Amino acid sequence: MPDILANLNPPQLAAVTLPPQHALILAGAGSGKTRVLTTRIAWLISTGQTGPHSILAVTFTNKAAKEMLARLAAMLPINIRGMWIGTFHGLCNRLLRAHHRDAGLPALFQILDSADQLSAIKRLLKNFNVDDVKFPPRELAGFINAHKEQGIRAAQAEAYDDYTRRRVELYAEYDSQCQREGVVDFAELLLRSYEMLQRNEPLRHHYQERFRHILVDEFQDTNRLQYAWLKLLSGHNAPVSRPNGACVFAVGDDDQSIYAFRGAEVGNMRDLEREFKVENVIRLEQNYRSQGNILDAANALIKNNRGRLGKNLWTDAGAGEPIRVFEGFSDIDEARFVVDEARELTLDGYTRNQIALLYRSNAQSRVLEHQLFTAGVPYRVYGGLRFFDRQEIKHALAYLRLIGNPDDDTAFTRVVNFPTRGIGSRSIEALQEAAHRANSSLYNAAASLSGKAGTAVGNFIRLIETLREETRALPLPEIIDHLIERSGLRQHYLAEKEGRERLENLDELINAATNFLHEESDTLAAQEADPLASFLAHASLEAGEHQAGEGQEAVQLMTVHAAKGLEFDAVFITGLEHGLFPHENAAQERDGLEEERRLMYVAVTRARKRLYLSYAQTRMLHGQTRYSLPSFFLEELPEALLHKINRAPAYSNNAATAPARAAVSPASGQTSANGLRIGQNVQHAKFGLGVIVSAEGRGTEARVQVNFGAHGMKWLALEYAKLAPA
DNA sequence: CTGCAGCGTTTTTTT
DNA sequence: AACGCTGCAG
């Protein structure tokens, strides 16, 4: 056996070889967190302290789970099949499949992704004649999910006003609709399995006794419910010495908590320490990733946050290069710089895979993509529209879902008239009416209402019945192939102008099913007897990393969120503008700016050798040109670490032009007599530094709109306000 | 019932 | 700029 403990530093070694007890590992960026986690598992098993059967490891993404599995396979000579390694959602799915009866679910229950959930809610509102302006579906979805993530059912939800009372009612109705349809949303997977274990003592004991070691990655991103779930499963109230109950080994970094917006509670780290009586928190502070300047910048930045658990990363790599800062005239100009620079890097020996272009929001990728495309640089965009989110895929899967579970109204409404077969909104409303009255699914209503052939609805029911019959004995990929054909999907996209890519995606779906059968039969122990159900779960829970050109060397584009856990030789953080990064919406949220800062911290710490920070004076946003100030995060970095890059003015003469105004000239034009132009930085006695965003009127009427960053957006009369160009 | 044109709204991040 | 929804003509 290779010495798996070789080359661990002292704190890493201490963490890996900790005797059986609850543990909290505070692991800074690039400190070897994943390595510690996997080595811990390997050590527990290879020293004979425990078997694979007794391990439960939770990660946040499927990718992380896969990577852990791969590393373990390399470290351990044994079969790793018995281990439960996966995301919270994946593991809960597994639990619920195995005990669907105890959980009160049908064997083939299906999983709603966020889009499905939204359409289920829209349907609900329609059924109950609820005004969807007063109760926006998105908001209601957020309300429901937030409650579930705190472990609160509608029955316990607090209704502090009439409006909320109504929302709570709708929450309850939504849950019964899901129950009737045999579907489960993301949060429900967790809450349902939590309640099942809580209610069912034998089952709970079974798993408490089985899992001796529960290991959690990215612990700072767990929500209340996930914490409670871990607590329950570990039987933490029992003393550790007792024969049942597991040791919880949690690894996290409070400075990298960037999912508070969806219910993550950094406070879970403190709670774990207190409630699980963690005796000594182990800190991993040596960073093996970034060079000194980059790390210094990250440390300086994150110091501005309050209430940290405290940690200071260090490296024994040299200082390395300075951090390069670029100010672009426009977003296009910025993108050009980034692409030029990225090309230079490849000439200097950087491989394209090792160059990442990061941004705060997905919309920003467009300009970068355009420049990359123009320059002929291969690139790959992560996130955005996922494979399983594409409409053609969702349509095909909806047919598959209906075959497995006719009560799935979400699937039903999606494809009942796609491709169009003469079932319009009128018929669907009638169906909904009937289903509502009979308290049955749309499918049942349709079947009993128009049992006789000939009607459009009757034909649709017959189509599904036939599909079910014909595919009964077929392997999964052939089922999919068959239904694409028979449902008319293929025909439909064949006729559509832009349909070629969609057809390719449908073919890719068949491939995905084939691959799924091969891969999953190895790893997932094939304990889910029904391949259809498990493939559908896979489609809901997994982003679908099948993207074209995956093998090719390409520059990597992604949001900062998506970059967490990754590292690159060279990183560009783009769009460092006030209002964009930090995002303006963040100011409204509790501790929003601190979360933005952590996001920036994550971004900075992705870089190994070279880091670029860039921003633009003007940017197209929502179809309009916006003028903004540099992000104040830039000011939080020590000047000595930065190297400002200026480019020849001729290079950036393509700034977006703003319409000419009387008192204030457009950005690209000449400066007007009073020295002001749109995009001009100005100084105000009270509000400080700002930038002119727009202007109107002339003479004594002239007013300008100025963005003062933290002081907000102001309209000022030029006659009175003393604005000095800055 | 279908398809299209025009309109308003959007957008933070995602398992 | 892009998408989804509504309203209207065919």
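Below, chain A is the first sequence line, B the second, and so on; all start at residue 1. From a predicted model like this one, the values you see are computed outputs, not experimental measurements.
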J.: Might you list the N or O atoms of the protein lying below 3.5 Å from N or O atoms in nucleotides 2-10 of chain C, with each pair's distance?
T.:
{"from": "C/dC5", "atom 1": "OP1", "to": "A/K122", "atom 2": "NZ", "distance (Å)": "3.0"}

J.: Which ones in residues 184-194 of chain A lie close to DNA chain B, meaning a heavy atom under 4.0 Å from one of its atoms?
T.: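 Under 4.0 Å from DNA chain B: A/F186.
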
J.: For A/E584, which residues count as a salt bridge (Lys or Arg N to Asp or Glu O under 4.0 Å) partner, sequence neighbours excluded?
T.: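 With neighbours one apart ignored, the set is A/R626.
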
J.: If the condition is ring pair (Phe, Tyr, Trp, His ring centres under 6.0 Å), which residues does A/F186 pass it with, not counting sequence neighbours?
T.: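 Checked A/F186 against ring pair (Phe, Tyr, Trp, His ring centres under 6.0 Å); matches are A/H89.
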
J.: Using 30° and 60° as the class limits, which term best fits the ring planes of A/H578 and A/F632: parallel, tilted or perpendicular?
T.: tilted

J.: With rounding to the nearest 0.5 angstrom, report the CG to CG distance, A/D175 to A/L191.
T.: 8.0 Å

J.: A/R224: which residues meet the side chain to side chain contact (heavy atoms under 4.5 Å, CB included) condition with it, sequence neighbours left out?
T.: A/Q150, A/Y227, A/E265, A/N268, A/D271

J.: Report the residues that fulfil ring pair (Phe, Tyr, Trp, His ring centres under 6.0 Å) with A/F143, sequence neighbours left out, ordered by chain and then residue number.
T.: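 For A/F143 the ring pair (Phe, Tyr, Trp, His ring centres under 6.0 Å) partners, ignoring immediate neighbours, are A/H147.
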
J.: Is A/S427 near enough to B/dC1 that one of its side-chain N or O atoms lies under 4.0 angstrom from OP1 or OP2?
T.: yes

J.: Want to settle it: does A/R138 or A/R262 sit nearer the 5' end of DNA chain B, counting the closest nucleotide to each?
T.: A/R138

J.: Within this structure, what is the NE2-to-C1' distance between A/H583 and B/dT10, rounded to whole angstrom?
T.: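 Result: 11 Å.
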
J.: Could one point to a donor on the side chain of A/H622 or the base of B/dT10 with an acceptor on the other under 3.5 Å away?
T.: no

